[in-house]
Amino acid sequence: MDYNFHWRPVFKTLPDLLESAILTVEVAVLSMVLGILFGLALSLIRIHMTGPLKWFAVSWIELARNTPALLQLFFFGFGLGAFGIHFSPFLIVLMGLTFNNSGYLAENFRGGFNAIPDTQIRASLSLGMNSFQTYTRIIIPQVLRIVYHPMTNQMVWAVLMSSLGMLVGFRELSGETQFFASKTYRIFEYFAATAVIYYVLVKIILGAAKLMALRLFKY
Amino acid sequence: MIKISNLYKSYDDLEVLKGINLNVSKGEVLSVIGSSGSGKSTLLYCINGLEPIQQGQIIVDDIDVHASDTNLNSVRQNMGMVFQQWNSFPHLTVLENVALAPRIVSKLPKAQALEIAEKQLRHVGLGDKLSKYPSALSGGQQQRLAIARALAMEPKCMLFDEATSALDPELVGEVLDTIRLLAEEGMTMICVTHEMGFAREVSDRVAFFHEGVIEEINQPEELFGAPKSVYLQKFLSKVKK
Amino acid sequence: MESSSTYFSGFSLNDLWYLGEAALRTLWISVLAISIGSVIGIFLGLALSVSRVVAFTLGTILDIFRSVPLIIQLVLFFNFAPIIGLRLNPFEAGLIVLIVYTSCYVANVARGGIEAVGQPMRRAARSLGMNYWQDLRYVVWPIGLRAVFPAWVGVALGVLKDSALVSILGYVELLKASQILMTRTQEAILILSIAGAFYFALSYPISYYATRLEQRWSQ
């Protein structure tokens, strides 16, 4: 092995890498928040509606789950470009991840809703609550607990998927890494350092999720 | 208080209730007995507006429950219902379980809702469990919680749907005691039940359901002492065994 | 528009064949990665359930692979191989990374399956005189397989979709082929839709069939 490792450039640009890691977390968190909202809506439409709206929801869910995330990203990046619609790399990644998260989360939510017995709905209706109150006060809090674990997994996925940003010119952690790697030709060193940063990020997210669960679910 | 006339109810092709006429006056306790599938529970769901009906009329406290311009949510506020499965809300504490509906349905201030909830929980003997979660309670305690939850809405009548049949035998007593207490206080009640002893002791009248009709209805001494219907005689002899 | 350049040209039937061939390459690398990775993964899963020390050390290593984006792993390995003197083409490098990636996820699934069988049942099997391998073959395998089959299908379909990332090494599978065609024809929407349809046609039937099977088993 006659390869000489050079870590110095990596250390010199470490602050830049860490700063771009914040961008990674930002886009992942945003795509999760949007994904939860859209996913909730999609699952409710899939459960309760018929007609074109249901068809739309099912197509979204199944396309998100049965095609590669990278293809979805390309679609928002290059596909819509054909209509003269051009988005910033940040928006491309955000839309791609949101589309993907929504599809997966929708199915998690559907499982959650199915797991709540009908008798819970009957009980709250019999107390005079309307359906909106029944959903927001009784059903959704319980569903959130059921899907909490899959949801943290999806959050980790969102962080990992955001690395695809480097293929559409987004300077999040991976994009920034690629930028420096190609500038210095220290590809291995840079990507190794980035791997470590991702690992730490994921651990922090899982740890935070555990702490949050302790606070949220006392029962 | 509750007037039911010519009530028909079916699920798709299956006719469950075939012409029910029934009046329950204020303060009366009516027990409903009969084998499973005779339509007893369905009757309660129809009274509470949880199931639509095909024909007839249900009037509770001068309001036609199934009229199209009736606000079901406000009708239900006047009726407490307790189910076979205890249905406590697992994500809320015992106190929050009871205080939720007064707060968001009756729109009471939080402090007042909590006060009512605490009062009702003491009433059913759960005063020491306020901050526990339902998962820490026994089945009997959860069913008493369900009763307190319904009572907190200060209903004009209570509907019990086999409130004790999902409980372990040793827990049945405490729930029946709570219902008995309500009867003594003059609450109007319809109790669908399997507990013949309870029906006999607590009720003003007992109705025997058979295949979707009220086969026989009478005061408990007569109904249990001298059953006229052949089906009722058969049913009682089976239950006694 | 008659283009004077020969560089850009419209989408033709030949291109559809080209994409079809690329889809076969996607299928080929995925099937190889899934089958080899699953076998390795099952043994890793067994190792995880053997002792606590093994579970901890091996678990940590697997954890690292699951916490670093696949795209980073691909770049890292592709640049690391020459350092240790391995001359790998994009297909070989991509396949090796996908196999490792698959086996890490399958290991977790396999451990779940073994745990699903439970000690009392296994003790019962051993008390009948079965040895370790007989216990695995006749008790753990059939029962555990049912418990984790849906999760395994999820992993397999994930690998099928994630194989799109091997495109960054230059292996011309479905996504790389679409990128090449997009550059030439400038018809991004059409080509991405066709590529999406290929992925969907590979993934959706399996996912649908697995869900049906799961429902039948749970009855």
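Below, chain A is the first sequence line, B the second, and so on; all start at residue 1.
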With heavy-atom distances below 4.5 Å as the criterion, would you say the side chains of [X] and [Y] are in contact?
X: C:Ser67; Y: A:Tyr198; answer: no
X: C:Tyr199; Y: A:Asn66; answer: no
X: A:Leu164; Y: C:Leu165; answer: yes
X: A:Leu71; Y: C:Leu175; answer: yes
X: C:Arg66; Y: A:Val156; answer: no
X: C:Ile189; Y: A:Phe78; answer: no

Of the backbone (N, CA, C, O) and the side chain (C-beta and beyond), which part of [X] lies under 4.5 Å from a heavy atom of chain A, both, or neither?
X: C:Ser193; answer: both
X: C:Ile71; answer: side chain
X: C:Leu160; answer: neither
X: C:Leu76; answer: both
X: C:Gln179; answer: side chain

Can you tell which part of [X] gets under 4.5 Å to a heavy atom of chain C, answering side chain, backbone, both or neither?
X: A:Ile187; value: side chain
X: A:Met161; value: neither
X: A:Leu167; value: side chain

Tell me, yes or no, whether the heavy-atom count around [X] atom [atom1], taken from other residues, nucleotides or ligands under 6.0 Å, exceeds 12.
X: C:Phe43; atom1: CZ; value: no
X: C:Trp28; atom1: CH2; value: no
X: A:Lys183; atom1: NZ; value: no
X: A:Tyr104; atom1: OH; value: yes
X: A:Phe90; atom1: CZ; value: yes
X: A:Trp7; atom1: CH2; value: yes

(Q) A:Leu63 vs C:Phe200, test: side-chain contact (heavy atoms from CB on, under 4.5 Å). Steps then yes/no. (A) CA-CA 7 Å; A:Leu63 281 175; C:Phe200 195 83; 4.0 Å; yes
Q. Taking C:Ile191, C:Leu192, C:Asn79 one by one, which has the highest count of heavy-atom pairs under 4.5 Å against chain A?
A.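 Among C:Ile191, C:Leu192, C:Asn79, the one with the most close pairs to chain A is C:Leu192.
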Q | Top of A:Phe191, A:Tyr190, A:Phe75 for chain C proximity - count of heavy-atom pairs under 4.5 angstrom | A |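 Winner by heavy-atom pair count: A:Phe191.
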Q. If you count heavy-atom pairs under 4.5 Å between each of A:Ala69, A:Ser174, A:Ala195, A:Ala181 and chain C, which one has the most?
A.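 Option with the greatest count: A:Ala195.
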Q: Check C:Lys161 against A:Thr67 and note the closest heavy-atom contact, atom names and distance.
A: CD-O, 3.5 Å
What is the distance from atom [atom1] of [X] to atom [atom2] of [Y], rounded to the nearest 0.5 Å?
X: C:Leu157; Y: A:Arg65; atom1: CG; atom2: CZ; result: 9.0 Å
X: A:Phe188; Y: C:Phe77; atom1: CZ; atom2: CZ; result: 11.0 Å
X: A:Leu160; Y: C:Ile72; atom1: CG; atom2: CD1; result: 9.5 Å

